[in-house]
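Beneath this line is the structure, given in C-alpha coordinates, with notes to follow.
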Amino acid sequence: MVSVAHASASTPSIGILGGGFMARVHSRAARSAGAALEVIATSDLAGSERAAADLGFATAADPDDFFAHPVDVVHVCTPNRAHAQQSLSALEAGSHIICEKPVATDSATAGRVLERAEELGLGGTVPFVYRYHPMVREARARIRRGDTGALLTVDASYLQDWLLDPDDENWRVDAGSGGPSRAFADIGCHLVDLIEFIAGQTITALAATMRTVHPRRGGVPVSTEDTVALTVEFSGGAIGSLLVSQVAPGRKNGLVIEIAGERESLRFAQEQPEQLWLGRRAESRLLVRDAESLSADAARLCRVPAGHPQGYQDAFDAFIADSYAVFAGEQREGVPRLADGLRAVTVTEAVLRSAAERRWVEVEQP
(Lines give C-alpha, C1' and ligand atoms only; values in the text may rest on other atoms or scores of the structure.)
Protein backbone atom coordinates (compact mmCIF):
# COMPACT_ATOMS: atom_id res chain seq x y z
CA MET A 1 0.00 0.00 0.00
CA VAL A 2 1.34 3.42 -0.95
CA SER A 3 1.38 5.84 1.98
CA VAL A 4 -0.32 9.13 1.19
CA ALA A 5 -0.78 12.06 3.56
CA HIS A 6 -4.39 12.59 4.55
CA ALA A 7 -6.10 15.39 2.69
CA SER A 8 -6.01 18.93 3.96
CA ALA A 9 -9.47 20.50 4.07
CA SER A 10 -8.21 23.31 1.85
CA THR A 11 -5.59 21.83 -0.48
CA PRO A 12 -5.92 18.07 -1.10
CA SER A 13 -4.16 16.63 -4.12
CA ILE A 14 -6.59 14.81 -6.39
CA GLY A 15 -6.74 12.49 -9.35
CA ILE A 16 -9.69 11.79 -11.63
CA LEU A 17 -10.47 8.59 -13.49
CA GLY A 18 -12.62 9.47 -16.50
CA GLY A 19 -12.84 12.41 -18.87
CA GLY A 20 -16.52 12.88 -19.68
CA PHE A 21 -19.24 15.20 -18.39
CA MET A 22 -18.99 14.10 -14.76
CA ALA A 23 -15.20 14.44 -14.76
CA ARG A 24 -15.68 18.04 -15.85
CA VAL A 25 -18.20 18.71 -13.09
CA HIS A 26 -15.91 17.08 -10.50
CA SER A 27 -12.86 19.01 -11.67
CA ARG A 28 -14.66 22.37 -11.49
CA ALA A 29 -15.85 21.56 -7.98
CA ALA A 30 -12.39 20.37 -6.93
CA ARG A 31 -10.80 23.58 -8.17
CA SER A 32 -13.46 25.60 -6.36
CA ALA A 33 -12.60 23.73 -3.14
CA GLY A 34 -8.90 24.57 -3.50
CA ALA A 35 -7.67 21.13 -4.56
CA ALA A 36 -4.46 20.59 -6.51
CA LEU A 37 -5.43 18.88 -9.78
CA GLU A 38 -2.57 16.41 -10.10
CA VAL A 39 -3.41 13.54 -12.46
CA ILE A 40 -6.18 12.41 -14.79
CA ALA A 41 -6.64 9.22 -16.80
CA THR A 42 -9.24 8.33 -19.41
CA SER A 43 -9.50 5.15 -21.48
CA ASP A 44 -6.18 5.81 -23.25
CA LEU A 45 -3.19 8.11 -22.99
CA ALA A 46 -4.26 10.34 -25.89
CA GLY A 47 -7.61 10.94 -24.23
CA SER A 48 -5.87 11.60 -20.92
CA GLU A 49 -3.67 14.22 -22.53
CA ARG A 50 -6.68 15.98 -24.05
CA ALA A 51 -8.53 15.91 -20.72
CA ALA A 52 -5.49 17.18 -18.80
CA ALA A 53 -5.15 20.12 -21.19
CA ASP A 54 -8.89 20.90 -21.13
CA LEU A 55 -9.38 20.57 -17.38
CA GLY A 56 -6.06 21.85 -16.08
CA PHE A 57 -4.45 18.73 -14.62
CA ALA A 58 -0.70 18.65 -14.10
CA THR A 59 -0.27 15.08 -15.37
CA ALA A 60 -1.97 12.93 -17.99
CA ALA A 61 -1.67 9.24 -17.15
CA ASP A 62 -2.16 6.02 -19.02
CA PRO A 63 -5.00 4.23 -17.18
CA ASP A 64 -2.64 1.38 -16.25
CA ASP A 65 -0.21 3.83 -14.63
CA PHE A 66 -2.71 6.06 -12.83
CA PHE A 67 -2.08 4.64 -9.36
CA ALA A 68 1.65 5.21 -9.69
CA HIS A 69 0.80 8.86 -9.00
CA PRO A 70 -0.12 9.09 -5.27
CA VAL A 71 -2.85 11.60 -4.40
CA ASP A 72 -5.00 12.34 -1.37
CA VAL A 73 -8.34 11.79 -3.14
CA VAL A 74 -9.32 9.81 -6.23
CA HIS A 75 -12.53 10.78 -8.05
CA VAL A 76 -14.03 7.79 -9.92
CA CYS A 77 -16.00 9.09 -12.92
CA THR A 78 -15.88 6.10 -15.28
CA PRO A 79 -18.63 3.75 -16.56
CA ASN A 80 -20.44 1.86 -13.82
CA ARG A 81 -18.78 -1.54 -14.25
CA ALA A 82 -15.37 -0.06 -13.40
CA HIS A 83 -16.40 1.76 -10.23
CA ALA A 84 -15.84 -0.94 -7.62
CA GLN A 85 -12.44 -2.16 -8.82
CA GLN A 86 -11.12 1.35 -9.34
CA SER A 87 -12.38 2.37 -5.90
CA LEU A 88 -10.69 -0.62 -4.30
CA SER A 89 -7.45 0.15 -6.15
CA ALA A 90 -7.59 3.75 -4.98
CA LEU A 91 -8.13 2.66 -1.38
CA GLU A 92 -5.21 0.22 -1.58
CA ALA A 93 -3.07 3.09 -2.86
CA GLY A 94 -3.95 5.06 0.27
CA SER A 95 -6.41 7.52 -1.26
CA HIS A 96 -9.84 8.58 -0.10
CA ILE A 97 -12.47 8.12 -2.80
CA ILE A 98 -15.35 10.07 -4.30
CA CYS A 99 -17.12 7.49 -6.45
CA GLU A 100 -19.92 8.20 -8.88
CA LYS A 101 -22.97 6.06 -8.31
CA PRO A 102 -23.45 3.20 -8.37
CA VAL A 103 -20.50 2.26 -6.16
CA ALA A 104 -20.90 -1.20 -7.69
CA THR A 105 -23.46 -2.97 -9.84
CA ASP A 106 -24.32 -5.43 -7.04
CA SER A 107 -24.70 -4.94 -3.29
CA ALA A 108 -22.15 -7.58 -2.25
CA THR A 109 -19.40 -5.76 -4.14
CA ALA A 110 -20.55 -2.35 -2.91
CA GLY A 111 -20.36 -3.77 0.61
CA ARG A 112 -16.76 -4.87 0.02
CA VAL A 113 -15.78 -1.34 -1.01
CA LEU A 114 -17.32 0.04 2.18
CA GLU A 115 -15.65 -2.62 4.34
CA ARG A 116 -12.23 -2.06 2.79
CA ALA A 117 -12.44 1.69 3.30
CA GLU A 118 -13.30 1.12 6.96
CA GLU A 119 -10.45 -1.40 7.38
CA LEU A 120 -7.94 1.06 5.94
CA GLY A 121 -9.28 4.05 7.84
CA LEU A 122 -10.07 5.92 4.63
CA GLY A 123 -13.10 7.92 3.62
CA GLY A 124 -15.49 7.63 0.73
CA THR A 125 -18.42 9.69 -0.50
CA VAL A 126 -20.97 9.34 -3.31
CA PRO A 127 -22.32 12.36 -5.27
CA PHE A 128 -25.97 12.41 -4.21
CA VAL A 129 -25.59 16.14 -4.70
CA TYR A 130 -29.26 17.13 -4.73
CA ARG A 131 -28.95 16.97 -0.95
CA TYR A 132 -26.91 20.17 -1.29
CA HIS A 133 -29.64 22.46 -2.55
CA PRO A 134 -30.42 24.77 0.39
CA MET A 135 -34.17 24.32 -0.03
CA VAL A 136 -33.77 20.55 0.30
CA ARG A 137 -32.08 21.14 3.65
CA GLU A 138 -34.91 23.49 4.60
CA ALA A 139 -37.52 20.82 3.79
CA ARG A 140 -35.57 18.33 5.90
CA ALA A 141 -35.33 20.79 8.79
CA ARG A 142 -39.09 21.45 8.76
CA ILE A 143 -39.83 17.73 9.00
CA ARG A 144 -37.26 17.28 11.78
CA ARG A 145 -38.80 20.17 13.74
CA GLY A 146 -42.23 18.57 13.44
CA ASP A 147 -43.74 21.34 11.30
CA THR A 148 -45.32 18.80 8.95
CA GLY A 149 -46.61 16.44 11.60
CA ALA A 150 -46.50 12.70 11.00
CA LEU A 151 -45.73 11.92 7.35
CA LEU A 152 -48.60 10.42 5.37
CA THR A 153 -47.72 10.20 1.67
CA VAL A 154 -44.91 10.76 -0.84
CA ASP A 155 -45.50 11.57 -4.50
CA ALA A 156 -42.26 11.78 -6.47
CA SER A 157 -40.85 11.51 -9.97
CA TYR A 158 -37.62 11.90 -11.91
CA LEU A 159 -38.27 12.41 -15.62
CA GLN A 160 -35.84 12.94 -18.52
CA ASP A 161 -36.10 12.67 -22.31
CA TRP A 162 -32.48 12.21 -23.43
CA LEU A 163 -33.10 8.56 -24.45
CA LEU A 164 -36.52 9.17 -25.98
CA ASP A 165 -35.75 8.08 -29.55
CA PRO A 166 -34.70 4.57 -30.63
CA ASP A 167 -31.48 5.92 -32.15
CA ASP A 168 -30.44 7.63 -28.89
CA GLU A 169 -27.43 5.70 -27.60
CA ASN A 170 -25.13 5.85 -24.59
CA TRP A 171 -22.83 3.42 -22.75
CA ARG A 172 -25.40 3.26 -19.92
CA VAL A 173 -27.82 1.44 -22.25
CA ASP A 174 -25.44 -1.55 -22.41
CA ALA A 175 -25.77 -3.76 -19.33
CA GLY A 176 -22.15 -4.79 -19.85
CA SER A 177 -21.02 -1.22 -19.12
CA GLY A 178 -23.82 0.17 -16.99
CA GLY A 179 -25.04 -2.85 -15.06
CA PRO A 180 -28.41 -4.65 -14.95
CA SER A 181 -30.43 -1.49 -14.24
CA ARG A 182 -30.25 1.74 -16.21
CA ALA A 183 -33.03 4.26 -15.51
CA PHE A 184 -33.37 3.36 -11.85
CA ALA A 185 -29.66 2.93 -11.15
CA ASP A 186 -28.91 6.17 -12.99
CA ILE A 187 -31.61 8.55 -11.72
CA GLY A 188 -34.06 6.58 -9.59
CA CYS A 189 -31.36 6.14 -6.96
CA HIS A 190 -31.10 9.94 -6.70
CA LEU A 191 -34.84 10.15 -6.15
CA VAL A 192 -34.83 7.52 -3.40
CA ASP A 193 -31.79 9.00 -1.67
CA LEU A 194 -33.35 12.45 -1.64
CA ILE A 195 -36.71 11.21 -0.35
CA GLU A 196 -35.14 9.22 2.47
CA PHE A 197 -32.79 12.11 3.30
CA ILE A 198 -35.60 14.67 3.52
CA ALA A 199 -38.18 12.44 5.17
CA GLY A 200 -35.90 10.76 7.68
CA GLN A 201 -37.60 7.46 6.83
CA THR A 202 -36.42 4.54 4.74
CA ILE A 203 -38.32 2.48 2.18
CA THR A 204 -39.10 -0.87 3.79
CA ALA A 205 -41.09 -2.56 1.02
CA LEU A 206 -41.88 -1.88 -2.62
CA ALA A 207 -43.74 -3.16 -5.65
CA ALA A 208 -42.17 -2.24 -8.98
CA THR A 209 -42.91 -2.51 -12.65
CA MET A 210 -40.61 -1.46 -15.47
CA ARG A 211 -40.60 -1.23 -19.22
CA THR A 212 -37.98 -1.19 -21.96
CA VAL A 213 -39.65 1.06 -24.52
CA HIS A 214 -37.04 0.51 -27.23
CA PRO A 215 -35.94 -3.15 -27.26
CA ARG A 216 -33.28 -2.24 -29.83
CA ARG A 217 -31.13 0.87 -30.13
CA GLY A 218 -28.94 1.32 -33.17
CA GLY A 219 -29.76 -2.25 -34.17
CA VAL A 220 -28.42 -3.64 -30.86
CA PRO A 221 -30.72 -5.46 -28.39
CA VAL A 222 -31.39 -3.58 -25.14
CA SER A 223 -32.05 -5.30 -21.81
CA THR A 224 -32.04 -2.29 -19.48
CA GLU A 225 -35.20 -0.38 -18.58
CA ASP A 226 -36.39 3.01 -19.84
CA THR A 227 -39.14 3.52 -17.23
CA VAL A 228 -39.91 2.34 -13.69
CA ALA A 229 -43.00 2.81 -11.54
CA LEU A 230 -43.01 1.99 -7.80
CA THR A 231 -45.42 1.80 -4.92
CA VAL A 232 -43.52 2.05 -1.63
CA GLU A 233 -43.95 1.75 2.13
CA PHE A 234 -41.79 3.69 4.60
CA SER A 235 -40.40 2.84 8.01
CA GLY A 236 -42.45 5.59 9.69
CA GLY A 237 -45.77 4.48 8.19
CA ALA A 238 -45.97 6.73 5.13
CA ILE A 239 -46.80 5.28 1.71
CA GLY A 240 -45.91 6.63 -1.71
CA SER A 241 -45.60 6.35 -5.46
CA LEU A 242 -42.50 6.99 -7.55
CA LEU A 243 -42.12 7.31 -11.33
CA VAL A 244 -38.77 7.26 -13.13
CA SER A 245 -38.35 7.72 -16.88
CA GLN A 246 -35.67 8.56 -19.41
CA VAL A 247 -38.24 8.76 -22.23
CA ALA A 248 -40.52 11.62 -21.07
CA PRO A 249 -40.73 14.20 -23.89
CA GLY A 250 -39.79 17.71 -22.81
CA ARG A 251 -38.48 16.71 -19.39
CA LYS A 252 -34.76 17.41 -19.09
CA ASN A 253 -34.03 16.84 -15.42
CA GLY A 254 -37.44 16.89 -13.78
CA LEU A 255 -36.86 15.64 -10.24
CA VAL A 256 -39.90 16.49 -8.10
CA ILE A 257 -40.74 15.39 -4.55
CA GLU A 258 -43.95 16.18 -2.67
CA ILE A 259 -44.27 14.96 0.92
CA ALA A 260 -47.57 15.33 2.78
CA GLY A 261 -47.77 15.35 6.56
CA GLU A 262 -50.67 15.71 8.96
CA ARG A 263 -50.30 19.52 9.04
CA GLU A 264 -48.19 20.54 6.08
CA SER A 265 -47.07 19.42 2.63
CA LEU A 266 -43.66 20.20 1.10
CA ARG A 267 -42.81 20.21 -2.60
CA PHE A 268 -39.31 20.57 -4.06
CA ALA A 269 -38.61 20.66 -7.82
CA GLN A 270 -34.96 20.41 -8.81
CA GLU A 271 -35.42 22.57 -11.91
CA GLN A 272 -36.64 25.39 -9.62
CA PRO A 273 -34.18 24.80 -6.76
CA GLU A 274 -34.53 28.27 -5.22
CA GLN A 275 -38.09 27.54 -4.08
CA LEU A 276 -39.91 25.29 -1.63
CA TRP A 277 -43.70 25.05 -1.83
CA LEU A 278 -45.46 24.78 1.53
CA GLY A 279 -49.09 23.66 1.61
CA ARG A 280 -51.53 23.84 4.52
CA ARG A 281 -55.30 23.42 4.56
CA ALA A 282 -55.88 27.12 5.20
CA GLU A 283 -53.14 28.49 2.95
CA SER A 284 -50.25 27.68 0.66
CA ARG A 285 -47.10 29.70 0.15
CA LEU A 286 -43.83 29.69 -1.72
CA LEU A 287 -40.67 29.92 0.36
CA VAL A 288 -37.78 31.47 -1.61
CA ARG A 289 -34.13 30.91 -0.68
CA ASP A 290 -32.90 33.58 1.72
CA ALA A 291 -30.23 32.67 4.26
CA GLU A 292 -31.71 35.06 6.82
CA SER A 293 -34.99 33.14 6.99
CA LEU A 294 -33.78 29.53 6.64
CA SER A 295 -32.61 26.87 9.07
CA ALA A 296 -28.91 26.89 9.95
CA ASP A 297 -28.19 23.83 7.79
CA ALA A 298 -29.85 25.41 4.76
CA ALA A 299 -28.27 28.82 5.37
CA ARG A 300 -24.81 27.25 5.47
CA LEU A 301 -25.21 26.23 1.84
CA CYS A 302 -26.31 29.67 0.60
CA ARG A 303 -23.26 30.80 -1.36
CA VAL A 304 -24.66 34.03 -2.74
CA PRO A 305 -27.28 36.53 -1.48
CA ALA A 306 -30.99 35.97 -2.03
CA GLY A 307 -32.06 36.86 -5.56
CA HIS A 308 -28.83 35.51 -7.08
CA PRO A 309 -29.80 32.00 -8.23
CA GLN A 310 -27.83 28.93 -7.21
CA GLY A 311 -27.95 25.68 -9.13
CA TYR A 312 -26.51 22.24 -9.81
CA GLN A 313 -22.83 23.17 -9.96
CA ASP A 314 -23.17 25.10 -6.69
CA ALA A 315 -24.63 22.00 -5.06
CA PHE A 316 -21.82 19.88 -6.47
CA ASP A 317 -19.18 22.35 -5.29
CA ALA A 318 -20.60 22.22 -1.76
CA PHE A 319 -20.63 18.42 -1.79
CA ILE A 320 -16.99 18.23 -2.88
CA ALA A 321 -15.90 20.80 -0.28
CA ASP A 322 -17.71 18.83 2.43
CA SER A 323 -16.15 15.57 1.23
CA TYR A 324 -12.64 17.00 1.47
CA ALA A 325 -13.40 18.41 4.93
CA VAL A 326 -14.69 15.03 6.13
CA PHE A 327 -11.59 13.28 4.77
CA ALA A 328 -9.50 15.74 6.78
CA GLY A 329 -11.33 14.77 9.96
CA GLU A 330 -13.89 17.56 10.16
CA GLN A 331 -17.61 17.19 10.81
CA ARG A 332 -20.16 18.06 8.13
CA GLU A 333 -23.92 17.54 8.14
CA GLY A 334 -25.65 15.33 5.57
CA VAL A 335 -22.62 14.12 3.60
CA PRO A 336 -23.56 11.07 1.45
CA ARG A 337 -21.07 8.32 2.37
CA LEU A 338 -20.24 4.89 0.98
CA ALA A 339 -22.99 3.44 3.19
CA ASP A 340 -25.47 5.60 1.25
CA GLY A 341 -23.99 4.27 -1.98
CA LEU A 342 -24.51 0.73 -0.73
CA ARG A 343 -28.08 1.64 0.21
CA ALA A 344 -28.75 2.81 -3.34
CA VAL A 345 -27.55 -0.49 -4.80
CA THR A 346 -29.63 -2.45 -2.27
CA VAL A 347 -32.81 -0.58 -3.25
CA THR A 348 -32.00 -1.01 -6.95
CA GLU A 349 -31.72 -4.77 -6.48
CA ALA A 350 -35.08 -4.83 -4.69
CA VAL A 351 -36.65 -2.92 -7.61
CA LEU A 352 -35.23 -5.37 -10.15
CA ARG A 353 -36.36 -8.36 -8.09
CA SER A 354 -39.88 -6.99 -7.62
CA ALA A 355 -40.29 -6.21 -11.31
CA ALA A 356 -38.95 -9.60 -12.40
CA GLU A 357 -41.10 -11.56 -9.93
CA ARG A 358 -44.11 -9.22 -10.16
CA ARG A 359 -44.59 -9.03 -6.38
CA TRP A 360 -43.98 -6.93 -3.29
CA VAL A 361 -40.49 -7.32 -1.82
CA GLU A 362 -39.01 -6.29 1.49
CA VAL A 363 -36.04 -3.91 1.27
CA GLU A 364 -33.03 -4.72 3.43
CA GLN A 365 -32.55 -1.94 5.97
CA PRO A 366 -29.30 -0.04 6.58
Side-chain angles (χ1 to χ4, degrees), residues 2 4-104 113 117 122-129 132 171-172 177-178 186 312-328 335-338 341:
V2 177
V4 177
H6 280 196
S8 157
S10 58
T11 57
S13 61
I14 71 149
I16 288 185
L17 286 161
F21 168 71
M22 290 315 307
R24 293 177 178 275
V25 173
H26 279 248
S27 64
R28 286 193 291 268
R31 186 177 292 107
S32 174
L37 279 58
E38 295 292 345
V39 58
I40 189 168
T42 65
S43 57
D44 55 48
L45 183 56
S48 301
E49 290 172 343
R50 288 192 298 271
D54 289 346
L55 303 180
F57 279 79
T59 302
D62 184 278
D64 294 333
D65 298 328
F66 177 84
F67 293 106
H69 303 270
V71 292
D72 294 311
V73 184
V74 170
H75 295 240
V76 179
C77 307
T78 49
N80 299 352
R81 285 289 188 185
H83 289 179
Q85 186 54 58
Q86 290 176 339
S87 293
L88 289 168
S89 295
L91 292 168
E92 296 298 338
S95 300
H96 305 285
I97 56 173
I98 299 177
C99 181
E100 275 296 326
K101 46 75 191 164
V103 173
V113 175
L122 293 166
T125 61
V126 181
F128 289 121
V129 297
Y132 279 84
W171 60 261
R172 292 172 178 82
S177 297
D186 188 28
Y312 173 76
Q313 187 67 54
D314 296 292
F316 215 104
D317 292 354
F319 158 73
I320 294 295
D322 268 9
S323 294
Y324 293 164
V326 165
F327 298 158
V335 182
R337 314 292 184 103
L338 289 175

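Nothing here was measured: the structure is a model prediction, and the numbers come from that model.
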Using every non-hydrogen atom in the two residues, find where Ser87 and Cys99 come nearest and quote the distance to one decimal. OG-SG, 3.5 Å
Under the side-chain contact (heavy atoms from CB on, under 4.5 Å) rule, what do His83 and Glu100 come out as? Steps first, then yes or no, please. CA-CA 7 Å; His83 289 179; Glu100 275 296 326; 3.9 Å; yes
Give me the atom names and distance for the closest heavy-atom approach of Ala61 to Leu45. C-CD1, 3.8 Å
Could you tell me whether a side-chain N or O of Thr42 sits under 3.5 Å from a main-chain N or O of Ser48, the two making a donor and an acceptor? yes
Under 3.5 Å donor-acceptor, Ser95 side chain and Val71 backbone: yes
Short side-chain to backbone donor-acceptor contact, Lys101 and Val126, under 3.5 Å: no
State whether a side-chain donor-acceptor pair under 3.5 Å links Thr78 with Gln86. yes
Which residues pass the ring-ring contact (aromatic ring centres under 6.0 Å, His included) test with Phe128, not counting sequence neighbours? His190
Minimal heavy-atom distance between Phe66 and Ala41, with the atoms involved, is CD1-CB, 3.7 Å
Decide side-chain contact (heavy atoms from CB on, under 4.5 Å) for Ile98 and Ile320; before the verdict, give the C-alpha distance in whole Å, the side-chain angles of both, and the deciding distance to 0.1 Å. CA-CA 8 Å; Ile98 299 177; Ile320 294 295; 3.8 Å; yes
Okay, side chain of Asp44, backbone of Gly47: is any donor-acceptor separation there less than 3.5 Å? yes
Which distance, rounded to the nearest 0.5 Å, do you find between the OG of Ser89 and the CG of Leu17? 9.0 Å
Please give me the minimum heavy-atom distance between Gly18 and Ala23, naming the atom from each residue. O-CB, 3.3 Å
Is a side-chain donor-acceptor pair under 3.5 Å present for Tyr324 with Asp72? no
If you look at every heavy atom in Pro336 and Phe319, which pair is closest and at what distance? CG-CE1, 3.7 Å
Could I get the full list of salt bridge (Lys or Arg N to Asp or Glu O under 4.0 Å) partners for Asp62, not counting sequence neighbours? none
In short, Gly56 meets Leu37 closest at the heavy-atom pair O-CB, 3.9 Å
Could you work out, with side-chain contact (heavy atoms from CB on, under 4.5 Å) as the rule, every residue matching Ala104, not counting sequence neighbours? Ala84, Thr109, Ala110
For Arg50, all residues meeting side-chain contact (heavy atoms from CB on, under 4.5 Å), sequence neighbours excluded: Ala46
In Å and rounded to the nearest 0.5 Å, what is the CZ to CD distance from Arg28 to Gln313? 4.5 Å
Give every residue pair that meets the ring-ring contact (aromatic ring centres under 6.0 Å, His included) criterion with at least one member in residues 28-53, sequence neighbours excluded. none
Tyr132 and Asp314: CA distance, side-chain angles, deciding distance, side chain to side chain donor-acceptor pair (under 3.5 Å) verdict: CA-CA 8 Å; Tyr132 279 84; Asp314 296 292; over 6 Å; no
About how many Å separate CG of Asp322 and OG1 of Thr125, when rounded to the nearest 0.5 Å? 9.5 Å
Would you mind listing every ring-ring contact (aromatic ring centres under 6.0 Å, His included) that reaches into residues 11-48, with sequence neighbours excluded? His26-His75, His26-Phe316
Pick out which of Leu338, Leu91, Ile97 makes a side-chain contact (heavy atoms from CB on, under 4.5 Å) with Leu122. Leu91
